[in-house]
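A short worksheet on the structure shown next.
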There are 2 protein chains.
Amino acid sequence: MSNPIIHNGLEGIVASETELSMVDGLAGELVIAGFPVAELAMNATFEETAFLLWYGRLPGATELAAFRDDLAARRALPRAALDLLRAAAEKQVDSMDALRMAAGTISLRGSSKNDDEVARDLLAAFPTIVASYWRLLRAHDPLAPNPDLGHAANFLYMLSGHVPTDERVRGLETYLNTVVDHGLNASTFTARVIASTGSDLVSAITGAIGALKGPLHGGAPGPALDMVFEIGEAGRAEEVLRRKIESGEKLMGFGHRVYKVRDPRAGVLAAAAQRMFTRGGDLALYTLALDVEQTALRLLEEYKPGRNLQTNVEFYTALLLHGLDLEVPLFTPTFAVSRVAGWIAHCFEQRRANRLIRPQSVYRGPRGRTWLAAAEQRLDHRAQPAGLPLVSS
Amino acid sequence: MSNPIIHNGLEGIVASETELSMVDGLAGELVIAGFPVAELAMNATFEETAFLLWYGRLPGATELAAFRDDLAARRALPRAALDLLRAAAEKQVDSMDALRMAAGTISLRGSSKNDDEVARDLLAAFPTIVASYWRLLRAHDPLAPNPDLGHAANFLYMLSGHVPTDERVRGLETYLNTVVDHGLNASTFTARVIASTGSDLVSAITGAIGALKGPLHGGAPGPALDMVFEIGEAGRAEEVLRRKIESGEKLMGFGHRVYKVRDPRAGVLAAAAQRMFTRGGDLALYTLALDVEQTALRLLEEYKPGRNLQTNVEFYTALLLHGLDLEVPLFTPTFAVSRVAGWIAHCFEQRRANRLIRPQSVYRGPRGRTWLAAAEQRLDHRAQPAGLPLVSS
């Protein structure tokens, strides 16, 4: 252990096998439970996708109806969760913190439930929490869930108070299906570490929400949309983008740590956006975005040849969610509304062949300090000016 | 990636360097921020230990007084936290879940605070949460914190309503110092993964609480004490223990995945228990425990020669905490009252040289499934009896 290899960030370390998703960054391929992401995302309702990930196959029609109804019946929040959201809104607490706090209260439903029931409670509660908090932040009363609507449709309804069109529901479901799982990303890994101790699902999901909040997790599509708005019209794309690249600014929505070709999710979301915008909505914005993308790719290849900076999932996520009238602060919570299904599936998978996830650290500090010597040193400190050092001496 | 090495449980993988603690399982050595655990645990107040871990050195007298006063001023909980604890007590929710929910509400104090302030809010809140919830579970009103008492003394006061003797405070502080940090255990690792995304401290600590709750995390000393009680008198130790070993039962309080000699923490806690029990308390129980330990070690060597099953931290933790009149369900939450200082120190350390912690997974599921084929398969499912398979097909 004196000179071990230190795997900072665990990069390249395979921590687990999975049957849930396969990310092939060189081929630009994403498989979700056997389906190419496009095949699943364009066809499945979100309930079907969750069922597929949790139970390993698609539901039959009767099973699907039962699953859908069961989830719909679990949408209301514990009273304490709503109180907490009200208190959070008063302090304008970050939406992901509010989601974490409220999701954590699912434990108030009692500890006698099995994993499957808790999983359904959690999945069903996420849209209610996110939509209720969104409204509370704007001093609107939360709406009661509408049990006649599916998971995605009800989320849109609870945000706006309007029953959404089929096109909009399809747009949101395509998004939710597309980002539902993506290998051992940091939030999914967090959920698996917590589950590996034998802890409960609510604890695992609460931890995962906390990880998803972090700006390095990825999946913060707001800035990509800001760039499109900043450009404003197709004729300005080249000028604005050249200026950004030449001043060293990173183009948001392009480039990914794993994908070296176009993120397969970008294509799915672009197609969904096109379909949705064509049938109503800001088609001009969609056309502009396409133009910005083409110009950005051309300029990135010109300025950074061989770097393979391709359109990532954020670019079309931003466009699609904007088309659904979701504002930027809702993007990450909406991501969580989808990803929670993946987190739960990973917890189930971790439970099936569990081994405590517990790596090692290597010590680089001093040794053999004695209390007496420390006391003498402290006499010196007392003579020094006050102030706490924030790094170790 | 087709035949990668799969590091299940990340066993033996070094994920990080640290200056916080060194666990040497072969030598039976535990170093905490430069001090052998015994040297630190027997001498430091808990505030000194937290200061040492967070700022890299022991505080001077003025600094210590300021740190102590500052923590004392942060002990009260947000109103929403107490409401949540009341709701949890009504449902008799697990104490660790209650701690997770209430600690999560520290986010209600506002997001403008820096890490150091949030760290202090969290550290100060833990004893208040644990003690308040303990009382609420028993239908007693929570007590207001007593700012004249130190961190450990106030915890005992808030549990019982009595200002504790110096011996008891010293006993608890020795315990808190002893278990404050222990390399990259699963809860500490969870905190670091969440912090590595750039997320906030409350999110990281909430995740860590969830991991500590898991029975595989280690540190569940209740059963070790149950065994001592079951034996009841020294003369029965050999008979009871032989029966347990011969029937294949695991002796609780002995054996550790890492330590192959006596866990260095066992010695520190045994000495603290001896000191405390000698000055008042159930000395007979202490003597009995010593006898049980000696008999157990002799029999383990007889039945499992070469296995090196040694006394672990749980055995004397149980004895010491019992001597402090803490009941078994309080053991893990009290562990958290200590370990949160270590979790926070690891978050600080992670921030100083951050790299997103994000391992890989390898896909073992099917590929190339098509929606159409799936729809046909589902026709078959409909004909089958209902019931959801909990494993993948």
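FYI, side chains are in, hydrogens and waters are out, and symmetry mates aren't considered; it's all heavy atoms of this structure.
Judged as a side-chain contact (heavy atoms from CB on, under 4.5 Å), and not counting sequence neighbours, the contacts of A:Val202 are A:Ile106, A:Ser107, A:Val118, A:Leu122, A:Asp200, A:Thr206, B:Arg100. For the side-chain hydrogen bond (donor to acceptor under 3.5 Å, both in side chains) test, residues two or more places apart in sequence or in another chain that qualify with B:Ser21 are B:Asp181.
For B:Leu356, the parts lying under 4.5 angstrom from a heavy atom of chain A are both the backbone and the side chain. Proximity to chain A (any heavy atom under 4.5 Å) is shown, for B:His346, by neither the backbone nor the side chain. Residue B:Leu212: no heavy atom, backbone or side chain, is found under 4.5 Å from chain A. In this structure, chain A has no heavy atom under 4.5 Å from any part of B:Asp83. Contact of B:Asp24 with chain A is not made at all, since no heavy-atom distance falls under 4.5 Å. No part of B:Gln350 comes within reach of chain A, as not one of its non-hydrogen atoms sits under 4.5 angstrom from that chain.
B:Ile194 and A:Ala211 get closest at one heavy-atom pair: CG2-N, 3.9 Å.
Salt bridge absent: A:Glu19 and B:Arg364 never bring a charged side-chain N and a carboxylate O closer than 4.0 Å.
The greatest number of non-hydrogen atom pairs below 4.5 Å with chain A, out of B:Arg355, B:Arg86, B:Glu90, B:Arg79, is found for B:Arg355. With respect to chain A, the highest number of heavy-atom pairs below 4.5 Å among B:Ile5, B:Ile6, B:Val31, B:Thr188 belongs to B:Ile6. The most heavy-atom pairs under 4.5 Å with chain A, out of B:Ala33, B:Ala204, B:Pro78, come from B:Ala33. Comparing B:Gly207, B:Gly210, B:Ala15, B:Gly34 by heavy-atom pairs within less than 4.5 Å of chain A, the highest count is held by B:Gly34.
Between B:Phe189 and A:Phe189, the angle of the ring planes goes over 60°, which puts this pair in the perpendicular group of the 30/60° scheme.
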